[in-house]
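Just so you know, ligand 1 is whichever comes first in the structure, and atom 1 is the first atom listed for that ligand. Position 1 is the first residue of the sequence, and the numbers go up from there.
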Amino acid sequence: MLNPKSFLFLLCCGALLAQQGQAQSAPARQPGNPHEPAAHPALIEPRSTAAPGLPPAIRSFDPAALDSSANPCVNFYQYACGTWLKNNPVPPDQSRWGRFDELAERNRAILHTILEDSAANPGRSALDQKIGDYYAACMDEPAIDRKGVAPLKPMLDRIAALPDKAALAAETARLHKAGIGALFDFSSGQDAKDSNQVIAQADQGGLGLPDRDYYLKTDAKSVELRNEYQEHVERMFRLLGEAPARAAASARAVMTVETALAKASLDRVSRREPDKVYHRMTRQELVAMDPSFAWPQYLEGIGAPPFHSLNVAVPEFFRGLQAEIERASLADWKTYLTWHVLHSEAPLLPRAFVEENFAFYGTTLTGAKELRPRWKRCVDFTDNQLGEALGRKYVERTFGAQGKERTLRMVEALEKALGEDIRALPWMTEPTKQQALVKLKAITNKIGYPDKWRDYSSVRILRGDALGNAARADEFEFRRQLNKIGKPVDRSEWFMSPPTVNAYYDPQMNNINFPAGILQPPFYDNRVDDAVNFGAIGAVIGHELTHGFDDQGRQYDAQGNLRDWWTAADANEFARRAECFVKEYAGFTVAGGVHLNGQLTLGENTADNGGLRIAFMALMDRLAGAQPPKIDGFTARQRFFLGWGQVWCQNETEESARLRAAVDPHSPGKYRVNGVVVNMPEFRSAFGCTAGQPMVSPQACRVW
Ligand SMILES: [Zn+2]
């Protein structure tokens with residue numbers, strides 16, 4: 001739901017597909033998270049492969065996945081992944097299928113056995129009751145179908161009875177508390193300029209499509225998608241019981257209101273600029289900015305702790321919201337709120353709603369052909385809403401103490417390499433280098449799972465009440481976020497659940513975070529040589545460290561404050577070098593000609609390029625001049641690059657590729673591989689490539 005963190009730099013595939021009704025998503029009821037759940041033990045030994053009942057481990061580097069008929073100097077991605085790509089089409093219930101997803105599926109299977117076991121033994125412990133009953137209620141489709149939309153009735157009746165526009169504020173508060181996104185987002189977050197403080201944050205929101213651009217772009221594909229969205233909204237109102245003409249009018253009203261909110265919203269590329277989403281205001285200034293919206297009633301309604309000032313991320317949005325509240329009729333606002341209730345709750349409503357929701361968010365937007373089996377969706381819901389309860393069991397089952405130790409040693413090797421890289425940078429002056437090293441030294445790391453687990457004891461979970469459980473879990477989370485306002489920052493908190501196959505750098509905490517879920521094959525594998533592991537998990541760690549120094553991350557200092565520590569000349573040189581990446585990646589296309597957005601993906605591309613480079617340096621340091629014998633016919637240097645390449649083997653539907661090109665700050669797998677190796681002379685010499693070949697860039701880009 002309402003984004004607790006505006007800036008978290010993920011390794012992969014973030015929370016972008018707002019509500020795809022299928023999986024991996026952010027808000028409210030829509031299952032999945034800024035990640036996709038993962039698999040098993042990793043950096044760990046025997047328990048991983050030996051434990052009974054666990055699915056077999058994924059392979060890390062796999063010679064059988066190569067396409068040896070391809071030339072690595074012409075298309076390295078094809079060489080590293082060609083046979084895998086041929087043998088692993090996107091499954092019908094997915095929109096993208098890669099090695100991340102293989103791991104996520106394996107992990108999901110483990111979570112499944114945990115949840116089935118807890119559901120069968122809810123009396124064993126409070127934890128079993130919580131996750132077991134949540135999962136069982138979600139799985140009880142007959143009970144959900146029997147109830148129909150009755151569980152929503154009190155909420156819908158309340159909306160229908162709103163007496164005037166002044167009542168919108170209190171109603172929005174009630175919806176937000178229940179995890180239903182509408183109008184805008186409200187939560188808490190670290191103050192960008194005083195990272196020790198948590199302040200209230202109000203931000204743009206309230207859309208049903210994945211991005212503002214979907215409402216505003218005029219090309220044929222965008223117009224078509226918009227029409228399909230409107231038809232979807234109309235069908236949802238018909239399922240609720242509205243007559244056809246009325247439902248069509250309702251959908252038009254929703255479209256009009258959301259288009260106004262979209263126009264007032266800041267675009268995704270601008271939002272990457274921390275200064276553009278930081279506007280500290282007093283509470284009175286906020287109230288005065290939106291006289292038509294009863295902020296005092298809203299703030300009282302959500303139970304916000306008292307505060308004097310807050311961050312209004314995008315003031316223009318709230319001015320636009322104000323204008324739209326005045327313009328649209330009360331009836332239109334009621335329709336809009338009703339839609340967002342339906343939209344948010346759809347995945348836990350009767351089958352017809354689930355299928356209609358999937359038809360648009362799953363099939364039309366992402367190209368998935370089949371709804372995922374219910375158990376997968378319910379596993380993801382549980383992970384999404386009770387992540388540290390389920391994650392605790394997951395960790396007990398899979399992640400050994402050695403996992404932390406080994407990852408730590410790897411992190412140290414990468415930090416050392418980044419330090420050497422900074423010291424040796426030809427383009428940066430000494431004063432900025434000193435500051436960069438101070439920041440590097442201050443980076444802390446979190447590995448595996450939290451030191452103290454979140455306490456869900458106050459969340460009431462009941463069998464036979466899937467929607468109620470979800471609403472109560474959302475309310476718990478909403479309050480948990482609000483309760484941070486005015487308090488010191490809790491640096492031990494995690495923003496991903498332990499089974500997640502992902503990682504992140506948090507610029508305001510200045511820390512890197514690696515959930516247990518990713519610390520295993522194909523990212524880390526005890527059974528293979530250092531070269532492959534440095535190319536995979538080593539480069540992942542390098543990627544996260546580099547985020548502290550990408551175009552966004554570099555704007556924060558060692559304490560996580562938005563503060564410029566660069567000399568003007570070095571900042572200019574950074575920008576000039578970053579522009580090289582912008583141009584390089586903007587030249588890549590997906591889905592029959594859609595160009596990547598070089599600005600949107602700049603931070604991730606910088607992190608990929610810096611990450612692989614320092615991982616290579618760390619490997620060289622580890623090898624200390626030794627030339628290990630070839631394995632599978634490859635030198636250590638070649639295996640390093642193959643380790644990276646195979647992490648990103650990935651097939652994707654055209655719809656998903658198009659969507660991600662619009663909203664995902666990460667480049668697709670092919671370019672995360674080829675886009676990086678073309679810039680590395682180390683790759684060129686490892687594979688004996690020559691100038692003029694496609695994998696040797698005549699203008700190699702380099703920042704770090
Ligand atoms: Zn990243």
Side-chain angles (χ1 to χ4, degrees), residues 3 5-17 24 26 33-36 38 96 98-100 103-104 268-269 271-274 407 410-411 414-415 418 439-440 443 445-447 494-496 500-515 517-519 523 535-556 560 578 581-582 584-585 588 596-615 644 647-648 650 660-661 663-673 675-676 679 701 703-704:
N3 52 337
K5 275 267 173 185
S6 358
F7 292 116
L8 281 185
F9 304 152
L10 314 183
L11 171 67
C12 173
C13 15
L16 4 118
L17 307 191
Q24 59 258 56
N33 238 6
H35 38 132
E36 289 113 48
R96 178 151 97 168
R99 308 219 67 207
F100 272 74
L103 184 51
R268 218 168 260 271
V269 168
R271 288 186 65 88
R272 295 190 66 250
E273 197 54 57
T407 311
M410 197 77 152
V411 169
L414 268 293
E415 285 176 346
L418 180 52
K439 179 167 180 178
L440 172 63
I443 294 178
N445 51 66
K446 303 216 302 285
I447 293 164
W494 282 73
F495 296 94
M496 278 179 184
T500 304
V501 184
N502 213 334
Y504 67 91
Y505 170 75
D506 183 334
Q508 292 179 285
M509 300 278 192
N510 196 23
N511 66 15
I512 50 177
N513 302 262
F514 303 95
I518 196 169
L519 301 175
F523 295 93
I537 194 73
V540 167
I541 295 168
H543 172 105
E544 298 308 337
L545 287 172
T546 306
H547 269 314
F549 305 91
D550 72 18
D551 65 310
Q552 277 178 296
R554 76 172 189 86
Q555 301 184 51
Y556 296 83
F581 287 135
V582 173
E584 179 194 346
Y585 285 80
F588 296 143
L596 296 188
N597 182 331
Q599 291 286 354
L600 178 64
T601 56
L602 175 57
E604 297 300 332
N605 298 333
T606 306
D608 280 346
N609 278 272
L612 196 62
R613 181 182 307 280
I614 63 169
W644 174 250
V647 158
W648 298 109
Q650 176 183 97
R660 287 183 180 275
V663 302
D664 193 344
H666 304 87
S667 300
K670 177 179 175 183
Y671 301 121
R672 297 191 76 157
V673 176
V676 175
N679 292 319
C701 303
V703 174
W704 297 103

Query raised in the report: What do you reckon, are the aromatic ring centroids of Phe588 and Tyr671 less than 6.0 Å apart?
Result: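 Yes, the ring centres sit under 6.0 Å apart.
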
Query raised in the report: Quick one: are the ring centres of Phe523 and Phe100 less than 6.0 Å apart?
Result: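 Yes, they do, as the ring centres are separated by less than 6.0 Å.
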
Is the distance between the Zn ion (ligand 1) and the nearest N/O/S atom of [X] smaller than 2.8 Å?
| X | answer |
| --- | --- |
| Glu604 | yes |
| His543 | yes |
| Cys12 | no |
| Ala607 | no |

Query - Distance-minimising heavy-atom pair for Lys446 and Asn511 - result: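 Scanning both residues completely, I find the closest heavy atoms to be NZ-ND2, 3.5 Å.
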
**Report entry** His547: its N/O/S atom lying closest to the Zn ion (ligand 1) (atom name)
**Finding:**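 The atom in question is NE2.
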
Query raised in the report: Is any side-chain heavy atom of Ile512 less than 4.5 Å from a side-chain heavy atom of Tyr504?
Result: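 Answer no - side chains too far apart.
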
Query raised in the report: Hey, are Glu584 and Asn605 close enough side-chain-wise for a donor-acceptor pair under 3.5 Å?
Result: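 The answer is no; no qualifying pair exists.
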
